[in-house]
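Just so we're on the same page: letters track the sequence lines, and every chain starts at 1.
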Amino acid sequence: MAVTNAEIAAAFDRIADLLEVQQENPFRIRAYRNAARTVRGLAHSLSDMVQAGADLEALPGIGRDLAAKIREMVATGSLRKLRELEHAVPPELVELLQVPGLGPKRLAVLRDRLGIHGLADLEAAARRGLVRNLPGFGVKSEQNLLRELAELKRRTRRWLRAEVEETVEQLLTYLKGIRGVRRVEPAGSYRRWKETVGDLDLLVAAAKGTDVTAAFVRHEAVERVISQGTTRAQVVLRSGLQVDLRVVPQASFGAAWHYFTGSKGHNIAVRTLGVQRGLKINEYGVFDRAGKRIAGRTEAEVYAQVGLPWIEPELREQRGELEAAAEGRLPRLVTLKDIEGDLHCHTTASDGQEDLLTMARAARDLGHRYLAITEHSRHLGVARGLDGDRLLAHGEAIDRLNEKLKGIRLLKGVEVDILEDGTLDLPDEVLARLDVVVGAVHSAFGLSRKRQTERVIRAMDNPRLHILAHPTARLIGRRRACDLDMERVMDAAVERGCFLELNAQPQRLDLDDLHCRMAKERGLKVAISSDAHSAGQLAYLRHGVGQARRGWLEKGDVLNTLPLDGLLDALDR
DNA sequence: GCCGTTTTCGGCCCGACTGTTTTCAGTCG
């Protein structure tokens with residue numbers, strides 16, 4: 001089977017880890033990490049690109065050597081260099097790099113002086129008090145290592161972005177209440193709307209002399225303080241979430257916000273543009289050769305100094321946004337306000353929690369002009385899926401409600417199961433009487449790539465199907481994506497006049513950002529849908545819009561930015 | 001290992017905090 005981009009990226013990262021343990025040239029290590037990031041962010045399969053004879057060296061951070069390694073990986077499925085390194089370095093040794101506070105230098109000391117080769121060795125040595133006497137270590141670092149080892153066992157999770165939204169709001173409110181604080185904003189991956197966040201980055205602009213970090217670490221939710229200075233503090237909340245706070249003067253706010261929003265790769269690229277113009281860019285501003293600050297109050301000022309327009313945070317992933325900005329072809333990203341309606345939700349008729357009227361009113365309150373009611377079909381027993389008769393009766397109830405409703409139109413729909421052989425779970429004559437047919441895989445997730453791809457394409461062969469829901473069926477952190485040849489699926493959808501969904505449930509966000517970009521390249525419109533199972537969940541659309549924006553989608557790339565008439569035309573296959 | 005309107009060699013983003021030092025190295029983001 002063809003090697004995936006993720007596998008190639010993982011191999012490069014693994015090489016970087018191993019080189020790090022060997023204390024290789026840090027720039028060489030960075031080159032591997034940069035390449036891994038580039039590969040991970042590609043919208044095309046490298047296997048296909050190699051087969052098509054594409055110029056790999058045109059990719060950022062890929063030169064002669066790494067291009068050859070990519071071709072080797074595609075041809076053989078593995079890397080000789082990686083095998084040699086794995087042979088030379090004990091695997092447990094690499095795990096030690098995960099311990100916060102332990103880098104390659106101190107790791108080498110532990111290995112050479114105490115023969116430590118893994119987490120268990122380190123714990124035993126620290127407990128016996130052997131670590132404190134090593135050069136560069138002391139009692140404090142020995143204790144810290146023991147605590148980090150304990151932490152490591154219970155931690156190592158990422159958080160769904162949606163999970164930490166409430167915490168963010170609470171912390172922002174708290175920080176704004178501190179005297180002398182002028183402005184508080186989230187930064188980091190949270191601001192870039194990544195589907196998961198590893199920790200939370202918050203930025204504060206404060207008047208001189210305001211002791212923000214002292215007040216911050218006193219917040220009731222803070223369990224432990226990792227570090228605390230005058231301009232920066234890192235804490236762990238009771239929930240286990242790590243929060244990094246930075247404090248800067250107002251004149252530096254834009255530069256700092258840009259810097260702490262990242263991504264790291266984007267920042268480095270912007271700084272490098274600065275260097276080329278004789279400028280130094282840091283979190284305090286943009287400085288000329290004389291060391292005079294010439295910008296920094298706003299992000300736009302910083303970008304302007306390197307000759308670029310302001311770039312939306314969701315695009316700052318070092319995936320071509322700087323080039324697009326330089327050439328004046330940044331996308332005008334879709335916004336929540338562009339959304340005209342929602343094409344996927346459930347009521348008490350299947351596994352939803354609220355009735356038709358409640359859902360309709362809630363959707364109208366969000367400004368929607370239409371809402372498709374898409375109950376499950378009979379095959380999905382656990383969700384009390386509907387058979388044809390119940391579904392048609394439900395449709396009559398929707399018709400009756402539409403006569404009374406003002407300001408919003410309910411569409412008759414279904415989320416019909418795509419069975420293992422690619423047929424749909426309800427007869428065509430039932431589907432023909434609906435406005436919107438959403439099809440979804442809810443079983444046999446583990447089929448081979450070939451069979452899964454054919455299954456989905458066969459479902460789209462049925463002209464009654466309009467939208468393929470949560471195409472990969474992944475659940476972030478819980479169930480991996482189905483193995484689909486997404487390029488083939490998308491090509492097939494375009495040929496057949498089908499659409500793909502971006503399911504906005506926080507644990508799905510399926511299509512993901514890269515898939516959105518693949519769709520856009522093909523002119524395939526995406527439906528951003530809440531899949532709400534309650535009235536409150538209708539607002540989940542914001543998560544979907546965030547993901548869509550990460551995928552460079554514009555208003556015209558999103559199916560449900562169409563007004564009702566246009567939508568019904570588009571659904572007419 | 002990458003990369004080039006200063007360069008095909010010699011650079012490679014930059015600052016904060018901690019702990020161990022007694023002026024700084026290591027680590028992190």
Side-chain angles (χ1 to χ4, degrees), chain A residues 12 15-16 19-20 23-38 56-70 79 81 96-110 131-145 147-148 187-190 197-203 213 217 225-235 242-248 252 255-256 258-287 289 291 302 306-307 318:
Chain A
F12 286 168
I15 289 177
L19 292 176
E20 201 155 9
Q23 297 193 75
E24 255 278 7
N25 175 359
F27 297 107
R28 196 165 165 226
I29 295 166
R30 185 190 296 173
Y32 276 100
R33 297 220 188 275
N34 286 342
R37 190 174 51 225
T38 293
L56 300 179
E57 291 181 46
L59 298 170
I62 307 291
R64 207 160 58 108
D65 185 278
L66 289 176
K69 286 195 168 61
I70 290 171
L79 286 179
K81 166 109 180 165
L96 282 168
L97 282 178
Q98 290 169 19
V99 181
L102 212 50
K105 298 271 172 55
R106 303 204 321 158
L107 180 56
V109 174
L110 290 170
V131 172
R132 63 181 64 182
N133 296 321
L134 297 174
F137 292 82
V139 176
K140 198 74 185 272
S141 29
E142 187 176 85
Q143 287 167 349
N144 285 345
L145 283 175
R147 199 190 51 224
E148 294 294 355
S189 50
Y190 183 87
V197 297
D199 61 13
L200 200 56
D201 297 289
L202 301 179
L203 180 65
T213 60
V217 300
V225 179
I226 299 172
S227 72
Q228 185 192 347
T230 54
T231 68
R232 176 176 156 190
Q234 297 177 289
V235 303
Q242 182 173 323
V243 185
D244 294 2
L245 179 81
R246 291 293 299 247
V247 186
V248 296
S252 297
H258 175 256
Y259 182 60
F260 294 114
T261 294
S263 65
K264 193 172 178 176
H266 176 91
N267 283 352
I268 290 175
V270 169
R271 284 187 176 196
T272 304
L273 288 176
V275 169
Q276 287 165 4
R277 290 161 188 253
L279 302 172
K280 186 174 76 168
I281 301 176
N282 60 29
E283 55 262 58
Y284 295 107
V286 181
F287 299 86
R289 283 192 175 84
V302 175
V306 293
Q318 181 73 324

*Asks:* If only side-chain N and O atoms of Ser141(A) are considered, is one of them under 4.0 Å from the OP1 or OP2 phosphate oxygen of dT20(B)?
*Replies:* yes

*Asks:* Is Asn25(A) side chain donor-acceptor paired with the dG1(B) base, going by distance under 3.5 Å alone?
*Replies:* yes

*Asks:* So, does Arg232(A) get its side chain near the phosphate of dC28(B), meaning an N or O under 4.0 Å from OP1 or OP2?
*Replies:* no

*Asks:* Pick the P atom in dC28(B) and in dT22(B), then give their distance to the nearest Å.
*Replies:* 24 Å

*Asks:* What nucleic acid atoms does Val99(A) come within less than 4.0 Å of, heavy atoms only: base, sugar-phosphate, or nothing?
*Replies:* sugar-phosphate

*Asks:* Among dC17(B), dC14(B), dG1(B), which is the nearest nucleotide to the side chain of Ala31(A)?
*Replies:* dG1(B)

*Asks:* Tell me which of Gln228(A) and Arg30(A) sits closer to the 5' end of DNA chain B, going by the nucleotide each one is nearest to.
*Replies:* Arg30(A)

*Asks:* Looking at dC13(B), I'd like to know if its phosphate oxygens (OP1 or OP2) sit under 4.0 Å from a side-chain N or O belonging to Arg271(A).
*Replies:* no

*Asks:* Specify the residue among Gly101(A) and Ser227(A) whose closest nucleotide of DNA chain B lies further upstream toward the 5′ end.
*Replies:* Ser227(A)

*Asks:* Closer than 4.0 Å, any side-chain N/O of Asn267(A) to the OP1 or OP2 of dC13(B)?
*Replies:* no

*Asks:* Hey, does the side chain of Lys264(A) come within less than 4.0 Å of dC28(B)'s phosphate (OP1/OP2), counting only N and O?
*Replies:* no

*Asks:* Please report the distance separating the P of dG1(B) from the corresponding atom of dT7(B), rounded so that it comes out in whole Å.
*Replies:* 26 Å

*Asks:* Between protein and nucleotides 5-9 of chain B, what N or O pairs are separated by less than 3.5 Å?
*Replies:*
none

*Asks:* Between Arg33(A) and Glu20(A), is there a salt bridge with N-O shorter than 4.0 Å?
*Replies:* yes

